[in-house]
Amino acid sequence: MARHLITSALPYINGIKHLGNMVGSMLPADVYSRYLRQRDHDVLYICATDEHGTPAELAAKEQGLPVDEFCTQAHDAQKAVYDGFALAFDYFGRSSSPQNVEITQHFARRLNENGFIEERAIRQVYSPTDGRFLPDRYVEGTCPHCGYDKARGDQCENCTRVLDPTDLINPRSAISGSTELEVRETKHLFLLQSKLQHEVEEWVSRHEDDWPQLASSIARKWLNEGLHDRAITRDLDWGVPVPSDTWPELAAEGKVFYVWFDAPIEYIGATKEWSDLDPDNRDWKSWWYDVDTDVRYTEFMAKDNVPFHTVMFPATELGVREPWKKVDYVKAFNWLTYYGGKFSTSQKRGVFTDQALEILPADYWRYFLIANAPESDDSSFTWEHFTATVNKDLADTLGNFVNRVLSFSKKRFGEEVPAGGVPGEAEAKLGGQIAELLAEYEAQMESLQFRKAAAALRALWSAGNSYLEEKAPWLEIKTDKDGAALTLRTAMNLIHLYAVVSEPFIPTTSAAMRQAFALKDDTATWVTPEEAKALTAVPAGTPFTVPPVLFAKLTDEDLQAYKERFGGEPQ
């Protein structure tokens, strides 16, 4: 079987993420990883917290903590939420790790040796009060375009216009609030992306036809506009230090690499973190170095991250002149909005992942988000849509099917799968239908079409309900007890099949369904369409229990409470 390397966009360290962040990267990566593992592929799913950059320092300052201590606490808090969502990372690392420092500095040295890094003098805002140069996000002021008085020196969050610190009206230091600012000359390292333009274009051209249109169009847009040389160092106290053996003057000044230089390298760094925990059995280079024909690398990210991973990081890897693994497939997502407005971490707008888990178990959210993933266009989260989806798909179509089959069988036949009856035309028809729907589900999962995969899974669940309504064992038992036993046994086999194939979407619920049956040798990781036709995995005589209600229906009172807490319209 193939080896699959999977990464998702690194969640930034400054706070718990919202649902849009979850569905745009980590959750679909987890669903895909789980599916591939079930199909017996060798999978390595790597992610990490992105811990460097100005916002980390500012967030630490707000909490009155040293930045390294703040990042440690924030990493643990984020990891707890992802555990709550049952995200099955093989490793969840940290971009501040020694491994990332080592590999980032190696990349910088190699780029420099190959003539792709240049030291340049630039003019930058300096704060005499703070005694330091201020990176763009350390400068705040009034946006000249919309008048928002808390715009940052890189971008106005209110109107989204890209800014330079010198564009701001009444600029001030984000550290001290001082308005006594100057513009002084300082030196920084620049990555000469312009010299790598043609190589990146050739590389993208070999892959873009296979990528989703969203990813390829963004990459092509950046290339058509031309790659510009980009500063890759900053004046910060927290980050990967510029190595003193190569740039002693800049190292003495305390320069660190820009977060967007070291963050993509952390995928490699985190893999080395994972490997270093068990070096006798894990080889990080076997996933990343000189493995182009051996490993298929898939990245998951929202559209704002696409340029960095389809253009900028490939340029870095090409410039190193070493055989580092480059991405094969970029699964890009549009935005999940909140009632048509933007989720916002800084403005606390929308539902955040820790809040979601306070309200309902993870499987409610996992299913809804993937079934409504913003693949071809933006999609909108509303409480009305969420409630309707939970009630129709999870509570009625799946949960009610499981409960009524097992409860009725226990009541009429006891606590073992009933014997009796011979499969007939209805069972043969059902088997063929299930095989066809399962093949469709597999095809959509293989092509990373998550909404279509969810629709195929929902259709599998619906097929069981249609069969049950057609056979009506509650009536059948009055005249044909063996026939009713056959119907219920067939339905129980559907429950077991649902437990296996639904696991990527709803792993906790799938485990509960599977554990309902005391099968002696239940080791199947998947059910093929051909195997599904028979529906005989759970034979007569197998003990079973009725699990608690899998999904509770949400009421009008629940809906109202959610809207009162979070609001029904964007602010």
Side-chain angles (χ1 to χ4, degrees), residues 1-4 6 28-43 45 88 296 298 329 366-367 370-371 397-398 401-402 405 417 422-468 486-540 542 544:
M1 290 293 182
R3 301 175 73 212
H4 287 268
I6 296 173
D30 177 73
V31 170
Y32 186 55
S33 298
R34 286 177 175 275
Y35 170 77
L36 291 175
R37 291 189 191 106
Q38 286 188 276
R39 304 305 305 274
D40 292 327
H41 293 288
D42 188 5
V43 177
Y45 176 21
R296 178 168 175 80
T298 306
Y329 191 84
R366 288 178 62 102
Y367 176 79
I370 292 295
T397 304
L398 178 62
F401 176 79
V402 172
V405 166
V417 176
V422 177
E425 183 178 342
E427 287 68 39
K429 176 184 174 184
L430 174 65
Q433 184 182 14
I434 292 296
E436 183 178 329
L437 290 171
L438 184 55
E440 171 68 10
Y441 178 54
E442 290 180 351
Q444 300 300 345
M445 290 291 281
E446 295 286 348
S447 61
L448 285 82
Q449 295 295 313
F450 291 101
R451 293 181 73 147
K452 292 180 180 179
L457 181 61
R458 187 187 310 118
L460 277 167
W461 299 342
S462 295
N465 283 276
S466 297
Y467 169 75
L468 206 62
L486 168 65
T487 299
L488 291 169
R489 188 169 68 252
T490 302
M492 289 182 184
N493 272 278
L494 282 176
I495 292 171
H496 184 267
L497 181 141
Y498 295 161
V500 175
V501 303
S502 303
E503 194 264 349
F505 280 70
I506 47 173
T508 302
T509 305
S510 290
M513 288 191 287
R514 195 157 180 165
Q515 291 164 7
F517 302 101
L519 289 169
K520 293 181 180 179
D521 298 308
D522 189 12
T523 58
T525 59
W526 193 251
V527 182
T528 67
E530 190 60 34
E531 291 169 339
K533 287 182 181 180
L535 293 173
T536 56
V538 183
T542 301
F544 72 89

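Across all non-hydrogen atoms, the minimal contact from V422 to L486 is O-CD2, 3.3 Å. In terms of heavy-atom proximity, L519 sits nearest to A537 at CD2-O, 3.8 Å. The shortest heavy-atom contact between A459 and L437 is O-CD1, 3.5 Å. Smallest separation of non-hydrogen atoms from S447 and Y329: O-OH, 4.2 Å. The two residues E440 and A456 have their closest heavy-atom pair at CG-CB, 3.9 Å. Scanning all heavy atoms of the two residues, the minimum distance from A454 to A371 falls at CB-CA, 3.6 Å.
The backbone N or O of A518 sits nowhere less than 3.5 Å from a side-chain atom of D522 that would complete a donor-acceptor pair. In this structure a side-chain-to-backbone donor-acceptor pair under 3.5 Å is missing from S502 to A499. Under the 3.5 Å distance criterion, the side-chain polar atoms of R366 are matched with a main-chain donor or acceptor of P504.
For residues 490-500, there are no salt bridge (charged side-chain N to carboxylate O under 4.0 Å, His left out) pairs, not counting sequence neighbours.
Y498 is listed as a side-chain neighbour of L494, based on a closest heavy-atom distance under 4.5 Å. Inter-residue side-chain proximity for R37 and T525 is flagged as unmet; no heavy-atom pair is nearer than 4.5 Å. Within the 4.5 Å cutoff, the side chain of L448 has heavy atoms near those of the T298 side chain. Counting only heavy atoms from C-beta outward, the side chains of V500 and S510 never approach each other to under 4.5 Å.
The distance from atom CD of E530 to atom CG of L438, rounded to the nearest 0.5 Å, is 11.0 Å. A distance of 14.5 Å separates CZ in R296 from CZ in R3, rounded to the nearest 0.5 Å. Summarising the geometry, atom CZ belonging to R489 is positioned 11.0 Å from atom CG belonging to L535; distances are rounded to the nearest 0.5 Å. The line from CZ of R514 to CD1 of I495 is 14.0 Å long, rounded to the nearest 0.5 Å. One finds the CG atom of L457 at 5.0 Å from the OH atom of Y441 (value rounded to the nearest 0.5 Å). With rounding to the nearest 0.5 angstrom, the CG atom of L488 is 7.5 Å from the CG atom of L468.
Using a cut-off of 4.0 Å between Lys/Arg side-chain N and Asp/Glu carboxylate O, R39 and E442 are scored as salt-bridged.
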Let's go through Y367 and W461 carefully: what are the C-alpha distance in whole Å and the side-chain angles of both, what is the deciding distance for ring-ring contact (aromatic ring centres under 6.0 Å, His included) to 0.1 Å, and is it a yes or a no? CA-CA 13 Å; Y367 176 79; W461 299 342; 5.5 Å; yes

Checking M513 against L398 for the side-chain contact (heavy atoms from CB on, under 4.5 Å) test, could you report, in this order, the C-alpha distance in whole Å, the side-chain angles of both residues, the deciding distance, and whether it holds? CA-CA 11 Å; M513 288 191 287; L398 178 62; 4.1 Å; yes

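Using a 30° and 60° split on the angle between ring planes, W526 and Y35 fall in the perpendicular class, above 60°. By the 30° and 60° cut-offs, the orientation of the rings of F544 relative to F517 is tilted.
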Got a list of side-chain donor-acceptor pairs under 3.5 Å for residues 423-436, not counting sequence neighbours?
from	atom 1	to	atom 2	distance (Å)
E427	OE1	G424	N	2.8
E427	OE2	Y467	OH	2.5
E427	OE2	K471	NZ	2.7

